[in-house]
Amino acid sequence: MKKIALVLFITVLFFYQSFADEGMWLPQLLQSLNEKQMKKMGMKINASDIYSISKSSLKDAIVSFGGFCTAEVISNEGLLLTNHHCGFDAIQNHSSIQNNYIRDGFWAYNKGQELTNPSLFATFIIRIDEVTNDILKGVTSNSTEIERQRIIDKNIAALKTTIKKESYQDVLIRAFFEGNKYFCFVTETYKDVRLVGAPPSSIGNFGKDTDNWMWPRHTGDFSMFRIYAGKDNKPAAYSADNVPYKPKRSLNISLDGVKENDFTMVFGFPGRTTQYLHSAAVKQIMDVLDPAKIAIREKALTVIDGFMRKDEGIKIKYAAKYASIQNAYKKWQGEVLGLRSKDAVGKKKQLEALFEKIVLAKPEMTAMYLNLLKKLEEAYAEIEPYALARDYYNEITQKIELGNVTTQLRSVVNAFEKDGEKGFINAKTGVLVSLENLFGEYDVNVDKKVFEVLMKMYVQDQKAANISPYFTTLVQNNNYEKAASAIYDQSKITSLESIKNLLNGNATDVVEAIKNDIAFKLVSDMAKTFSDNVAKKLAPLQATINSLQRLYMQAQLDVFSDKNFYPDANSTLRITYGNVKGYTPKDGAKYDFYTYLDGIMEKYKPGDYEFDVPAKIIELYKKKDFGRYGVNGKQPVCFIAANHTTGGNSGSPALDAYGNLIGLNFDRVWEGTMSDINYDPTICRNIMVDIRYVLFIVDKFAGATNIIKELKLVSKTKR
Ligand code: ARG
Ligand code: GLU
């Protein structure tokens, strides 16, 4: 008995210890959960310097950038730093063949030259409070999933009206730990965010897709924006009269760089992780869902890439779309690889065995959690074919723009059917704006070819019940090329011009014409087939999994009650911390933690799509003209550390032990992209661009000294 207890104790200890760098922590809980460990790892400031509601703290310099990335305030005039790939949509929207800011970069040498971005916003977090009791009031263990959600929605609505806040602030209530806890966020959103600067893609996206998710890395992945506010410094809609925002806090920038083992932290808005899954769910992602999505994206990317390489106009139009399809495509491959190589399923199974042992040893736990693991395993087996069909359907219909156009037009049809002529006119105005954007990044020949190859997969890789019967009537002799041509020729929804014509006229006729369009009919039939044969079965299975997974989360908190738990990422503000270090990607190889401009020159391929280098950089390199930003005749470029980050952390500041800005987070290493599911401290590293490389580009490359003058640079050594 004693021996078993000892083994158990040691396993538990090992389980806790192996997680030192892991975690995306809630800033308001740092003091109670993390401060001690952070200081032990090297932090020189207090948790209250990072998050406080009674004095200015680092959190006041961090914003959610457009809801998809992070940015930080780096001057007293509201200057924001984020990634090039985060600002890319804005950069692309201002680009044309004449003013190609994607290719050539953009710099505002005074505030008058800054460019407005209508849909972009920056959100500050003012306060975070736990509200679990208010939100779960009335929920019982007997509530069905639907009842539970209804009660929660009602409680959220009620609480929102009573939370103390200013009129220009918003309130957001979010679920944590799979719905076991709720937190409330009071926020301030600024909607006038202007483009200040971006390097050419040959710097900001150096190495493009070949280097994406890879280390060693040499990308200067940054761009700069500025928040504008009303004259009272409060959020205001865009106006020429707005003034640069005066922040509560802006980050100091350290010129000292980092050494191996230095403490670092990354402060931002990680999007989504799933760390607490059952082994069966991990296995499903690794063996079934990821491979299916990878295969679909591979086909779409090959088509788009073929067109982009031949046509400069298409290259501009499809640049952002291609990068985003490619990004997850490559990440999932790394994820599968990492899950396999580190035996994530085996590790989960070990954890589950330990869980069972503890549950069986304690009667009150046995009563609550007996058979929970078995039920989860069965539920994942049952949902598998439907989850696969869902991923197939989503991947395919979202990659074909005709699918997205149909979704827009369907909202016009629905509005008409609900509210008649008035609904129609309202919906039409909004839809035309969205379609204007969509068709700005569209080429009919590219889309037709994507349609052809993906619809072939749609039919050939799926069982008959999941395939649109209408599509089957449109394809003869497996000739998908001919079917695609016929559909794109006949349809009136394949260009903005013909859609504008189609939408002209009285509502009844227009809606009739939309419904009779061949492409609209096809996509609608695909949607109906999916809804009838997949979604209807998927929904109750998903509800079961959600409730089991919620119980399993509670059980893990309960069973491993000595462990510090962090909630899965959910696009809320988090802190992650870890030390600077290299890693061993495979037997016999060891990666350093730093890269230099020398590495850019090693990768340089004149005229290449991915590895060209601007002449000015080569000149500065030859003259070793690095100004204050070089060290010992070398210009640092990127570095890695063991911070636990994910998508959404792009643009997050990398801070040193004192809270000074030392870098900008933009990626993770290939071998460790599985950290969203299974963090492994031996190979999971985040990639940051050294702030001194950013400054070198702004100052020495672009000559934007107006920007440098705004910054507060600090250094312990004279420079
Ligand atoms: N992998 C990084 C992230 O997930 C960078 C993506 C942008 N770069 C690219 N080549 N697609 O967002
Ligand atoms: N590039 C990612 C982003 O856009 C960050 C890299 C990651 O997923 O960790 O947020």
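Start at 1 and go down the list; that is how both ligands and their atoms are numbered. Quick note: residue numbers are just sequence positions, from 1.
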In ligand 1, the atoms that come under 4.0 Å of a heavy atom of Asp667 are 1 (N), 2 (C)
Salt bridge Lys347-Asp343, side-chain N to carboxylate O under 4.0 Å
no
Under a 4.0 Å N-O cut-off, is there an ion pair linking Lys449 with Asp443?
no
Shortest reach to atom 5 (C) of ligand 1 by a heavy atom, considering only Asn205, Thr210, Asn212
Asn212
Check Arg226 with Glu114, please: is the shortest side-chain N to carboxylate O separation under 4.0 Å?
yes
Can you tell me which portion of Phe269 lies within the under-4.0 Å heavy-atom range of ligand 2? Options are side chain, backbone, both, or neither.
neither
Any side-chain heavy atom of Met214 sitting closer than 4.5 Å to one from Asp667?
no
Only heavy atoms of Phe666, strictly under 4.0 Å: list the atoms of ligand 1 that pass.
2 (C), 5 (C)
Worked check of side chain to side chain donor-acceptor pair (under 3.5 Å) between Asp690 and Tyr629:
CA-CA 10 Å; Asp690 190 305; Tyr629 316 116; over 6 Å; no
Atom indices of ligand 2, in the order listed, that fall short of 4.0 Å to a heavy atom of Gly648
3 (C), 10 (O)
Keeping the roles fixed (side chain from Thr576, backbone from Val266), state whether a donor-acceptor pair exists under 3.5 Å.
no
Atom 6 (C) of ligand 2: the protein heavy-atom neighbour that sits closest, reported with distance to 0.1 Å:
Asp667 CA, 3.5 Å
Taking the ring centre of each residue, are His644 and Tyr679 less than 6.0 Å apart?
yes
Does Phe68 have a non-hydrogen atom less than 4.0 Å from ligand 2?
no
With heavy-atom distances below 4.0 Å as the criterion, list the atoms of ligand 2 near Phe666.
1 (N), 2 (C), 5 (C), 6 (C)
Contact atoms of ligand 1, heavy-atom distance to Lys208 under 4.0 Å
10 (N)
Check for me whether the distance between the ring centres of Phe593 and Phe639 falls short of 6.0 Å.
no
Near-ring test Tyr245/Tyr190, centroid separation under 6.0 angstrom:
yes
N/O of Asn327 under 3.5 Å from N/O of ligand 1, yes or no?
yes
Tell me the nearest of His644, His85, Arg668 to atom 8 (O) of ligand 2, using heavy-atom distances.
Arg668
Quick one: look at Asn649 and ligand 2, take heavy-atom pairs under 4.0 Å, and tell me if it's side chain, backbone, both or neither.
backbone
So, is His85 polar-close to ligand 1, with some N/O to N/O distance under 3.5 Å?
yes
Looking only at protein heavy atoms, what sits closest to atom 2 (C) of ligand 2 is Ser650 OG, 2.7 Å
Is there a polar contact, in the sense of an N or O pair closer than 3.5 Å, between Asn665 and ligand 2?
no
Suppose I only count heavy atoms of Trp213 and a 4.0 Å limit; which atoms of ligand 2 are within that range?
7 (C), 8 (O)
Can you confirm whether or not the ring centre of Tyr101 sits under 6.0 Å from the ring centre of Phe106?
yes
Working to the nearest 0.5 angstrom, can you tell me the gap between Ile687 CD1 and Asp221 CG?
10.0 Å
Give yes if a backbone or side-chain nitrogen or oxygen of Cys69 is under 3.5 Å from a nitrogen or oxygen of ligand 2, and no if not.
no
